[in-house]
Trainee: 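Below is the structure I would like to discuss, written out as structure tokens.
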Amino acid sequence: MTTTARSRPDLRLVALVFAVAAAILVMRTVQGRAGLPFFADTDDAMRMVMVRDFLAGQGWYDLTAHRLNTPFGAELHWSRLVDLPLALLVMVFTPPLGADMALVAAGYVWPMLLFALLLWLSAMLAQRLVGPDGVLPALILPVLSPAITAEFTPGRVDHHNVVILLTLAMIWAGIEAIRRPRFAVLCGLLAATALAIATESLPTIAAAILVMGLLWVFDPVQGRTMRLFGLAFAASAMVHLAIFRPPARWLEAACDVLSPVYVAVALVVAAAFTIASLVPPPRAAWQRFALLGALAAIGMGAVAVLYPQCLRGPYGELDPWLRANWIAGIVEARPWFTTITELPAYAVAVGLPALLATGVVAYRLWSVPEQRTEWAALMVFTLCTALVMLGQVRAGRLAIMPAIPAAAWLIVAARQHYLAHPRLRTIAGLVLSWLAFSGVVLLLLVTAVVNLVSTRPEQAAEARASKEPCLLPSAFADLAALPPERVMTPIDLGAHLLLYTPHEVVAAPYHRNEQGVRDAFRFFNDPIATARAIIDERGIGLVVLCPAMAELRGIPGHAEDSFVSLYAKGDLPPWLDNVSLPGATLQVFAVLPE
């Protein structure tokens, strides 16, 4: 089950599995989701808004959504590195298909291109760690993971799939660097690129830094590998900062996006790794570990002194009220142990493979002497991503791909055991080794059990299904025909209204739009006099509602004369004139003078 071969996996097998998987994903979208929104997630809709504005002439460095947080605008923390390929695809498809269908075509092609690369990298990593027999499980298991397919399905154009791909590429390059030090440069470049796209990649980047440092701790010969990674990471981080921000903003600190804060961390890594690799190495491993730790502590201490606001994490500067009343309510941002009681099927399907993988890697390290360094590196990646997943279940999408080589090794071991001893027990072991890492199967099994013990459907799934008709392009057709207006909407409706109409909105679910999100909560939950003041201050002309959205149920403690209370009673103030068309999905109220 180990291999020293440098051969690549059979590309025909990779192509075959990809073709079948892509066909399933496309058919599921075309038939299974017929009549449902193509860009179902607000992030996907907002990404296409940014892409369209970019194509319309908005500057590379201008990341302000000018129609969001009307009339002020709101700068988002997203990277043009994702906008650029999407914009190129839209440009290619616009002449033959038209502007609207070009967005849809790009929404099909982009996730499929990324998925093809993901499967190829998964096969490469399995070939490296497990051998040719591990390639097939490494190709099939990602297809059977709901956390992976959800991020690579048609219409998924936000940055999460890119980060998943970069995570896997980072792991592959980091492991290749153990034998071929030049791959440390690639690993550093990938780490900086992942950081430039989203801070959600920080756990994997931290794992890569640990791997490179520990390589030298246990083998001083790896000093060049460690140094190459550190220098590449720092240099690439500076280049990406220049790509992301204009020179006048290079020194502008931010905790939720690439900024001098994270460039300083990269420089600390480069300095610590370079100094440690160039001085005469201490003889004992613990002494080398202490040296690296001391250098890192000095450097990170300086960063903490310079940027203390970031010690609380990427969202440390967010309004405490929004953290308590908005962020805390996002199910996928909760710990895994909490989510397993609220969404047990998804939590098990995503979390169990990641947790099992750490045990499998530990067992493999203990029982098999070959390639221990490579598998120890994989252990760092699986452990870091699994621990973060326990803190926030949405990190499970980054923990799945590091778990795949462990799953492939277990399946190959179970198969070899079965071939050597073909009996019922070994057959069961082989089947269970597949099932334990097949997220879709786990999802179906847990769902069946939950349905047996409870007849109540999961509230989150029910709420999502009921609001999806509000996100269809047809729901906005009448609004799109109106002259541009400033609109108050529920938070989760804002991005789609921006995509399908020329209007401006107050809020969409982005933490950088603190003012707009806070005003949306105030509009719906504070006394109606406050709602009117917000309307007047922002010059709002329309209020557009999706009755199924959570904002119309209000938050605990909303005022008795709040919008949500009066709306539930059918007693809205006379300055809100219901101008909704008969049979329309969305309710539209014109704001009249008092």
Side-chain angles (χ1 to χ4, degrees), residues 21-49 51-52 86 90 93 97-112 114-115 143 145-158 160-161 330-332 343 345-346 349 394 397 439-440 443-444 447 457-480 489-501 505 508-509 544-552 580-581 583-588:
I24 292 172
L25 291 173
V26 170
M27 290 303 296
R28 189 177 69 177
T29 301
V30 172
Q31 295 185 347
R33 290 188 54 81
L36 297 175
F38 181 68
F39 298 113
D41 191 272
T42 56
D43 287 351
D44 300 321
M46 196 68 204
R47 174 65 69 184
M48 281 311 194
V49 171
V51 167
R52 193 171 57 188
L86 285 168
V90 171
F93 289 126
L97 300 178
D100 292 337
M101 287 306 299
L103 295 178
V104 175
Y108 272 102
V109 172
W110 178 241
M112 294 300 100
L114 295 177
F115 196 42
V143 180
S145 171
I148 297 301
T149 54
E151 299 298 340
F152 290 87
T153 198
R156 200 71 172 115
V157 293
D158 192 28
H160 300 304
N161 44 25
I330 301 175
V331 174
E332 66 173 11
L343 297 172
Y346 180 79
R394 63 182 167 188
R397 58 190 169 217
V440 171
L443 186 74
L444 294 174
T447 300
E458 294 187 36
Q459 292 181 354
E462 184 181 73
R464 182 173 180 82
S466 62
K467 75 178 182 181
E468 284 188 321
C470 296
L471 308 180
L472 290 167
S474 58
F476 299 92
D478 297 323
L479 281 169
T489 68
I491 295 170
D492 282 348
L493 190 62
H496 287 82
L497 193 142
L498 291 176
L499 180 61
Y500 296 124
T501 78
V505 300
V544 179
L545 307 176
C546 173
M549 289 189 170
E551 284 90 339
L552 295 184
S580 308
L581 294 178
T585 304
L586 300 174
Q587 293 182 333
V588 181

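For this chain, numbers begin at 1 and follow the sequence in order. The structure displayed is predicted, hence computed values, not measured ones.
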Trainee: Do you know the tightest heavy-atom contact between G107 and M48?
Mentor: N-CE, 4.3 Å
Trainee: Tell me the closest heavy-atom pair linking P111 and P154, and the distance in Å.
Mentor: CG-CA, 4.3 Å
Trainee: Is there a side-chain contact between L545 and V588 (heavy atoms, below 4.5 Å)?
Mentor: no
Trainee: Closest approach of L479 and L497, non-hydrogen atoms and distance?
Mentor: CD1-CD1, 4.3 Å
Trainee: Among residues at least two apart in sequence or on other chains, which ones pass side chain to side chain contact (heavy atoms under 4.5 Å, CB included) with V104?
Mentor: F38, M101, Y108
Trainee: Do C546 and T585 have side chains that get closer than 4.5 Å, going by heavy atoms?
Mentor: no
Trainee: Please state whether the rings of F152 and F115 are parallel, tilted or perpendicular, taking 30° and 60° as the class boundaries.
Mentor: tilted
Trainee: For S474, give me all partners under side-chain hydrogen bond (donor to acceptor under 3.5 Å, both in side chains), at least two apart in sequence or on another chain.
Mentor: none
Trainee: Just by distance, do the side chain of R33 and the backbone of P37 share a donor-acceptor pair under 3.5 Å?
Mentor: yes
Trainee: Could you grab the distance from atom CG of L471 to atom OH of Y500, nearest 0.5 Å is fine?
Mentor: 8.5 Å
Trainee: Does L114 reach the side chain of E151, with side-chain heavy atoms less than 4.5 Å apart?
Mentor: no
Trainee: Check R47 against V157 and note the closest heavy-atom contact, atom names and distance.
Mentor: CG-O, 3.5 Å
Trainee: What are the two closest heavy atoms between P490 and M549, and how far apart are they?
Mentor: CB-SD, 3.8 Å
Trainee: Does any part of the side chain of P509, heavy atoms only, come nearer than 4.5 Å to the side chain of D492, both counted from C-beta?
Mentor: yes
Trainee: By side-chain hydrogen bond (donor to acceptor under 3.5 Å, both in side chains), which residues pair with E551, not counting sequence neighbours?
Mentor: none
Trainee: Mind checking whether V49 and F39 have side chains closer than 4.5 Å, heavy atoms only?
Mentor: no
Trainee: State, with a plain yes or no, whether a side-chain heavy atom of V90 is found less than 4.5 Å away from one of R52.
Mentor: no
Trainee: Side chains of I24 and T149: closer than 4.5 Å at any heavy-atom pair?
Mentor: no
Trainee: Rounded to the nearest 0.5 Å, how far does CZ of R28 lie from OG1 of T153?
Mentor: 4.5 Å
Trainee: Has the side chain of D158 got a donor or acceptor atom that lies under 3.5 Å from a matching backbone atom of H160?
Mentor: no
Trainee: Decide yes or no for L103 and L499: does some side-chain heavy atom of the first lie under 4.5 Å from some side-chain heavy atom of the second?
Mentor: yes
Trainee: Please find the pair of heavy atoms, one from A349 and one from G439, that lie closest to each other, and give the distance.
Mentor: CB-O, 3.3 Å
Trainee: Could you measure the distance from the NE2 atom of H496 to the CG atom of D41? Nearest 0.5 Å is fine.
Mentor: 7.5 Å
